[in-house]
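Report on the structure given below.
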Amino acid sequence: MRTADARLLATEFDRLPAAVQRAFATAPLLRATVHADGAGFALDDPAALDYPAPQALLPRLAIKTWRDSGALGTIYAGLNMAAAAAQLLAQPTAAQRRVAAAWLRNEVPLQLTLWPYQDYSEVSEVRFLALPGRAAQRVSACLRGASGPRLGALLPRLQQAAGSIAAQLPAQPYIVDLALFADGRIALVDLNPGLTPRELAELDTLPVD
């Protein structure tokens, strides 16, 4: 298995250490395996999700949401999950196709996971580049609502949290996205490998099959 593929697969939620899983703001409620279908993907067993969503859900394909499309792809409570998932999977983002190919190339089951939706209108997000053994570096921040004014004072805690998450993983760089809630709570939102330019180029040149 190529290095880039291995690093992507290692950050899938179910493969992470339990302590890192617990750091996430939420955990997957439902899982469904999918396969490549033309330029998109399709559910292996649509009947498994052929019922109304019990609550609003945030879908992820492997480790990627639909955020890059400009929307989260939220499946709202009461919508038929199979129908909503089919529509989303037919139109994956470029980042999702690029990442999902790592699962397909290595014949690892590719999953659509459905997470509880959370309203982040009052939640700030901070992205760090974290490497075990080094201080995490802030990459960007998005301040929102009541949590925004607290960010400056709590930045050291956020930096420490990002470093603590990376310390529980193999000694490689990671992109750690943290949420800061209005009450000061910190939680992990997204975790991706900090791929080098060479590894990114590798993803673009490797065949899917």
Side-chain angles (χ1 to χ4, degrees), residues 1-28 58 60-65 67-68 72 93-96 98-103 105-106 108 111 113 115 118 120 122-145 147-206:
M1 184 183 298
R2 297 294 184 94
T3 301
D5 284 0
R7 294 195 60 202
L8 287 168
L9 267 64
T11 53
E12 188 173 30
F13 182 85
D14 291 341
R15 297 169 184 266
L16 294 170
V20 177
Q21 292 180 350
R22 290 193 296 270
F24 274 86
T26 61
L58 177 68
R60 294 178 192 249
L61 180 62
I63 62 173
K64 288 292 185 183
T65 69
R67 181 181 294 191
D68 293 338
L72 293 176
T93 68
Q96 286 176 320
R98 187 188 214 186
V99 167
W103 275 252
R105 272 192 293 271
N106 296 284
V108 176
Q111 289 192 333
T113 52
W115 303 58
Q118 287 196 306
Y120 273 32
E122 297 291 322
V123 180
S124 296
E125 293 183 62
V126 187
R127 172 168 291 184
F128 291 91
L129 175 62
L131 180 65
R134 299 183 185 178
Q137 301 176 11
R138 185 177 63 170
V139 176
S140 62
C142 179
L143 280 63
R144 301 191 190 99
S147 63
R150 306 194 64 180
L151 180 61
L154 293 176
L155 191 57
R157 278 184 54 201
L158 288 156
Q159 184 181 34
Q160 183 179 25
S164 177
I165 289 166
Q168 299 174 72
L169 299 167
Q172 297 164 342
Y174 297 91
I175 303 297
V176 181
D177 290 350
L178 296 178
L180 173 63
F181 292 82
D183 61 3
R185 182 166 59 96
I186 294 170
L188 181 58
V189 178
D190 274 316
L191 177 67
N192 289 276
L195 298 179
T196 65
R198 181 176 180 179
E199 288 169 335
L200 289 170
E202 181 180 287
L203 291 178
D204 291 333
T205 57
L206 286 174

For [Y], does its backbone N or O pair with a side-chain atom of [X] as donor and acceptor, under 3.5 Å?
{"X": "Gln21", "Y": "Phe13", "result": "yes"}
{"X": "Ser147", "Y": "Glu122", "result": "yes"}
{"X": "Glu125", "Y": "Cys142", "result": "no"}
{"X": "Thr65", "Y": "Arg60", "result": "no"}
{"X": "Asp183", "Y": "Arg185", "result": "yes"}
{"X": "Arg7", "Y": "Glu199", "result": "no"}

Could you pull out the closest heavy-atom pair between [X] and [Y], with the gap in Å?
{"X": "Val20", "Y": "Gln168", "result": "CG2-CB, 3.9 Å"}
{"X": "Val189", "Y": "Ala179", "result": "CG2-CB, 3.4 Å"}
{"X": "Pro170", "Y": "Pro132", "result": "O-CG, 3.8 Å"}
{"X": "Leu180", "Y": "Leu151", "result": "CD2-CA, 3.8 Å"}
{"X": "Thr113", "Y": "Ala62", "result": "OG1-O, 4.5 Å"}
{"X": "Val176", "Y": "Leu188", "result": "CG1-CD1, 3.7 Å"}

Say you draw a straight line from [atom1] of [X] to [atom2] of [Y]; how long is it, rounded to the nearest 0.5 Å?
{"X": "Leu178", "Y": "Leu154", "atom1": "CG", "atom2": "CG", "answer": "12.0 Å"}
{"X": "Ile63", "Y": "Leu61", "atom1": "CD1", "atom2": "CG", "answer": "10.0 Å"}
{"X": "Gln160", "Y": "Leu155", "atom1": "CD", "atom2": "CG", "answer": "12.0 Å"}
{"X": "Arg157", "Y": "Arg150", "atom1": "CZ", "atom2": "CZ", "answer": "8.0 Å"}
{"X": "Leu16", "Y": "Arg22", "atom1": "CG", "atom2": "CZ", "answer": "12.0 Å"}
{"X": "Phe181", "Y": "Ile186", "atom1": "CZ", "atom2": "CD1", "answer": "10.5 Å"}

Could you tell me whether the side chain of [Y] reaches within less than 4.5 Å of the side chain of [X], counting heavy atoms only?
{"X": "Gln137", "Y": "Phe128", "answer": "no"}
{"X": "Val126", "Y": "Ser140", "answer": "no"}
{"X": "Leu195", "Y": "Gln172", "answer": "no"}
{"X": "Val123", "Y": "Gln118", "answer": "no"}

For the residue pair Arg138 and Gln159, confirm or rule out a side-chain donor-acceptor distance under 3.5 Å.
no
Give a yes-or-no answer on whether the side chains of Glu12 and Trp103 include a donor-acceptor pair shorter than 3.5 Å.
yes
Name the one of Leu129, Ile165, Leu169, Leu131 that satisfies side-chain contact (heavy atoms from CB on, under 4.5 Å) with Tyr174?
Leu169
What class does the angle between the rings of Trp115 and Phe24 fall in, given that below 30° is parallel, 30 to 60° is tilted and above 60° is perpendicular?
tilted
Determine, step by step, whether Asn192 and Arg127 satisfy the side chain to side chain contact (heavy atoms under 4.5 Å, CB included) criterion, reporting the C-alpha distance in whole Å, the side-chain angles of both residues, the deciding distance to 0.1 Å, and the verdict.
CA-CA 11 Å; Asn192 289 276; Arg127 172 168 291 184; 5.6 Å; no
